[in-house]
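Below: one structure, written as structure tokens.
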Amino acid sequence: MGLTPTFDRDDLVAVAVHPGIGVGLAHRDQQWALATADPLATLAEIHAASSPRWVWWDRHTSSRIAETEIPIDRCWDVSVVHRLLFGGWKSPLSEVWAALHDLPLDTIPQMGQLDLLAMPDHDGDPDLPLQPDGHLRPEWIDARWRSSPQTLATWSSLALRAASLQDDLLGDLPDPQRARSTARSESAAELLCAEMARDGLPINTDEALRLIGRSAGVRPRSVSHEDTIRAERDGHVFDQLSPRRELNLRNPREVKAMLRSQGFDLPDTRRWRLEALRDGEPLIDALLTWRKAERIATTYGYGWLDENVSDGRLRGDWSSSDGAAGRMTASAGLHNLPAEMRTVVEAEPDHLFVRADLGQIEPRVLAAVSADRALVGAAEQPDLYLPVAKRLGVEREIAKVAVLGAMYGATTGESAHALAGLRKSYPTAMKMLEDAAEQGKLGHDVFTSGGRRVRMWTDPSVHGDLDRAISVAAARGRFARNALIQGAAAEFFKVWAITVRRHGRSLGARVVLCLHDELLVHCPARNAAAVADMVDRGVSEAAHYWSPTPSVKFVADVSIVQRWSEAK
DNA sequence: ATCGTAGGCGCC
DNA sequence: AAAGGGCGCCTACGAT
């Protein structure tokens, strides 16, 4: 393979690969179309020789790379950077390209649209990836890009152009260096997501079956058997009614009416409301117990296991920034597995988990991004809430609720009461939150510390309804206020996660779960102590790289466990 | 039948 | 302590 090019570490090199076809590369004005039987092996060779920063369009390429363990740390994912620049959830490449070229979205061509009259005018040469009007050609996005080594090369050169335009736009933000570093870390986090989707979370399947059996009963043999099991579960609640009667427990309205007839007049039947009445009330107790069992039976039951667990791994889709403020999302229950089910998440033989979660991450992030002097001072302490409580002259718990309330936009109760004290003691931090809330109320987008655009929405149902308009504005205010913190915390968390991913490689450690402020790392048992140490030091390394205010302390609770449930 | 929405609950 | 922000996934229900 004497024709493979080599690059420098600082080079931006775009790549598109497809199995059985080849590798396309682009760097500056050059392109390479490599026809090879094993494209990923070829790419691995090039990477081993020169490790440039790799640029690609999207998951099509990063998933392939994740499949083959090429040790890539530095990359630029155009679709990920698009979401950073423009906000929103989806980033179809047609829109990514259009946004970078100021092309109107409503002229984006649709695949399979037989607009015969328009074809001669708009189509031009189908061998070219761009239409005469500048839009990406839909058949190229769909499949044409991977039809030959030459089209792969062409496709990668377009990704390189897109990345360059994105870099220009990031340069227009208030802090270009910071925004560019966010673009890089978010891209690496997307690669980590592809790897987590590939690896899955280790599960003890037998243990899962036992646990499901305890809650949901035996595995139903037929539809009618399923009905029997369900009726039995429901029966425990009906037994508490005198006279005993049946109702549809899955219909909130019926449940609410039933509770009223039993002397409980409630605005809704939410758990926290019922929990307060639980003591000495067998009916409420039975209902809450039923809901827990029903949850496991329906969401985390046999169906869930069959659908998402294979070869002892729970696999779901991972997205590095699907949330409104740029949080990671995961499907298949990876982000909302009930606490009592976490016993089934178990390390493989001769392996252990290192589990770590960031402590008091949100107020620390607020201190870091606002640089509020007093709050930064508090964030130098291992327990941030103690100095805050002292300053406000209240109990620690009250101080905690007040700070969290300020970040979530609480309007009533104890936390709202303490707001005046917070404003006085931490004026810079509070003003930052209030400015964001004001922008949100006005319907303006807000930007996280790392430069992510958080889109504000408009609610068409408002019309001329003043009350509705006020409540929508208030909701947007709370959302924007929180997005600043949640978004910045997500950015910091991802820097930590990719730091752990990178250092973990030599220790055989894999990040198998990311949960907003928590990491689960799977590693050979003999390396667990070293991995735990690395994960802990990774917090400081990530803080050094990410935090706009160096003296803010970031801390993590790290433990070595065999099961996820053991920690905390 | 298929869709979107709401209430609900799991997690952070 | 109060019930605020985010996500995914369940069921029921009304509109299409």
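Proteins get letters first, then strands, A, B, ... in listed order; numbering begins at 1 in each. Values in this document were obtained by computation on a predicted structure and should not be read as measured data.
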Atom pairs and distances, side-chain donor-acceptor, residues 201-209 of chain A, under 3.5 Å, sequence neighbours left out:
from   : atom 1 : to     : atom 2 : distance (Å)
A/N204 : OD1    : A/D206 : N      : 3.2
A/N204 : OD1    : A/E207 : N      : 3.0
A/N204 : ND2    : A/E346 : OE1    : 3.1
A/E207 : OE1    : A/R210 : NH2    : 2.9

*asked:* Looking only at the side chain of A/S331 (C-beta and beyond, no hydrogens), which of the listed nucleotides B/dC12, C/dT11, C/dC9 gets closest?
replied: C/dC9
*What does A/I398 touch in the nucleic acid at a heavy-atom separation under 4.0 angstrom: a base, only the sugar-phosphate, or nothing?*
nothing
Would you tabulate the nitrogen or oxygen pairs shorter than 3.5 Å linking the protein to nucleotides 12-15 of chain C?
from   : atom 1 : to     : atom 2 : distance (Å)
C/dA12 : OP1    : A/N248 : ND2    : 3.4
C/dA12 : O3'    : A/N251 : ND2    : 3.3
C/dC13 : OP1    : A/N251 : ND2    : 2.4

*A/E397 near the nucleic acid: base, sugar-phosphate alone, or nothing, with a heavy-atom cut-off under 4.0 Å?*
nothing
*Where at least one partner belongs to residues 216-228 of chain A, residue pairs that pass salt bridge (charged side-chain N to carboxylate O under 4.0 Å, His left out), sequence neighbours excluded*: A/R219-A/D306, A/D227-A/R230
*Just compare B/dC11, C/dC9, B/dC12 and give me whichever is closest to any side-chain atom of A/T299.*
C/dC9
*Of A/A325 and A/A332, whose nearest nucleotide on DNA chain C comes first from the 5' end?*
A/A325
*Taking only the side-chain nitrogens and oxygens of A/R295, find out if one of them lies under 4.0 Å from OP1 or OP2 of B/dG10.*
no
*Output the single nucleotide from C/dG5, C/dT11, C/dA1 whose closest atom is nearest the side chain of A/V401.*
C/dA1
Would you give me the side-chain donor-acceptor pairs under 3.5 Å for residues 363-370 of chain A, sequence neighbours excluded?
from   : atom 1 : to     : atom 2 : distance (Å)
A/R364 : NE     : A/G359 : O      : 3.3
A/R364 : NH1    : A/A379 : O      : 3.0
A/R364 : NH1    : A/Q381 : O      : 3.3
A/R364 : NH1    : A/K553 : O      : 2.8
A/R364 : NH2    : A/Q360 : OE1    : 2.8
A/R364 : NH2    : A/Q381 : O      : 3.1
A/R364 : NH2    : A/P382 : O      : 2.9
A/S370 : OG     : A/L366 : O      : 2.7
A/S370 : OG     : A/D372 : N      : 3.2

*Using a cut-off of 4.0 Å on non-hydrogen atoms, how would the nucleic acid contact of A/G409 be classed: base, sugar-phosphate, or nothing?*
nothing
*asked:* So A/K400, base contact, sugar-phosphate only, or nothing? Heavy-atom distance under 4.0 Å.
replied: nothing
*Any ring-ring contact (aromatic ring centres under 6.0 Å, His included) involving residues 208-240 of chain A? Give me the pairs, sequence neighbours left out, ordered by first then second residue.*
none
*Nearest to the side chain of A/A324 - C/dC10, C/dG6, B/dC12?*
C/dG6
_A/D317 CG to C/dC7 P, straight-line distance once rounded to whole Å_ = 17 Å
*For a ring-ring contact (aromatic ring centres under 6.0 Å, His included) with A/F554, tell me which candidate from A/F492, A/W496, A/Y545 qualifies.*
A/F492
*Ignoring backbone atoms, test whether A/R396 places a side-chain nitrogen or oxygen under 4.0 Å from the OP1 or OP2 oxygen of C/dA1.*
no
*In whole angstrom, what separates A/R481's CZ from C/dG6's C1'?*
16 Å
*Please list residues of residues 255-272 of chain A whose heavy atoms come under 4.0 Å from any atom in DNA chain B, ordered by number; otherwise none.*
A/D268, A/T269, A/R270, A/R271
*Over how many whole Å does the gap from A/M456 atom CE to C/dG6 atom P extend?*
10 Å
_Applying ring-ring contact (aromatic ring centres under 6.0 Å, His included) as the test, list every pair that has at least one member in residues 249-282 of chain A; sequence neighbours left out._
none
_For a quick check of understanding: with a heavy-atom distance under 4.0 Å over all strands, which category does A/A483 fall into, base, sugar-phosphate or nothing?_
nothing
*Specify whether A/H351 and A/H522 have parallel, tilted or perpendicular ring planes, treating 30° as the upper limit for parallel and 60° as the lower limit for perpendicular.*
parallel
*Calculate the interatomic distance between A/L337 atom CG and B/dG10 atom P; express it in whole Å.*
12 Å
*Using the test salt bridge (charged side-chain N to carboxylate O under 4.0 Å, His left out), find all partners of A/R452 that sit at least two apart in sequence or belong to another chain.*
A/E186
*May I have the distance from A/Y408 (atom OH) to C/dA1 (atom P), rounded to whole angstrom?*
17 Å
*Euclidean distance, atom NZ of residue A/K441 to atom C1' of C/dG5 [Å, nearest integer]*: 15 Å
*For A/D383, does the CG atom have more than 12 heavy-atom neighbours from other residues, nucleotides or ligands under 6.0 Å away?*
yes
_Atom-pair distance (CG on A/L358; P on B/dC11), nearest Å_ = 20 Å
*Under 4.0 Å between any heavy atoms, over every strand shown, what does A/R476 touch: base, sugar-phosphate, or nothing? Just pick one.*
nothing
*In chain order, what residues pass the side chain to side chain contact (heavy atoms under 4.5 Å, CB included) check against A/F447, with sequence neighbours excluded?*
A/L173, A/R453
*asked:* What is the distance, to the nearest angstrom, from the CG atom on A/N308 to the C1' atom on B/dG10?
replied: 15 Å
*Report yes if the distance between the aromatic ring centroids of A/F479 and A/W457 is under 6.0 Å, otherwise no.*
yes
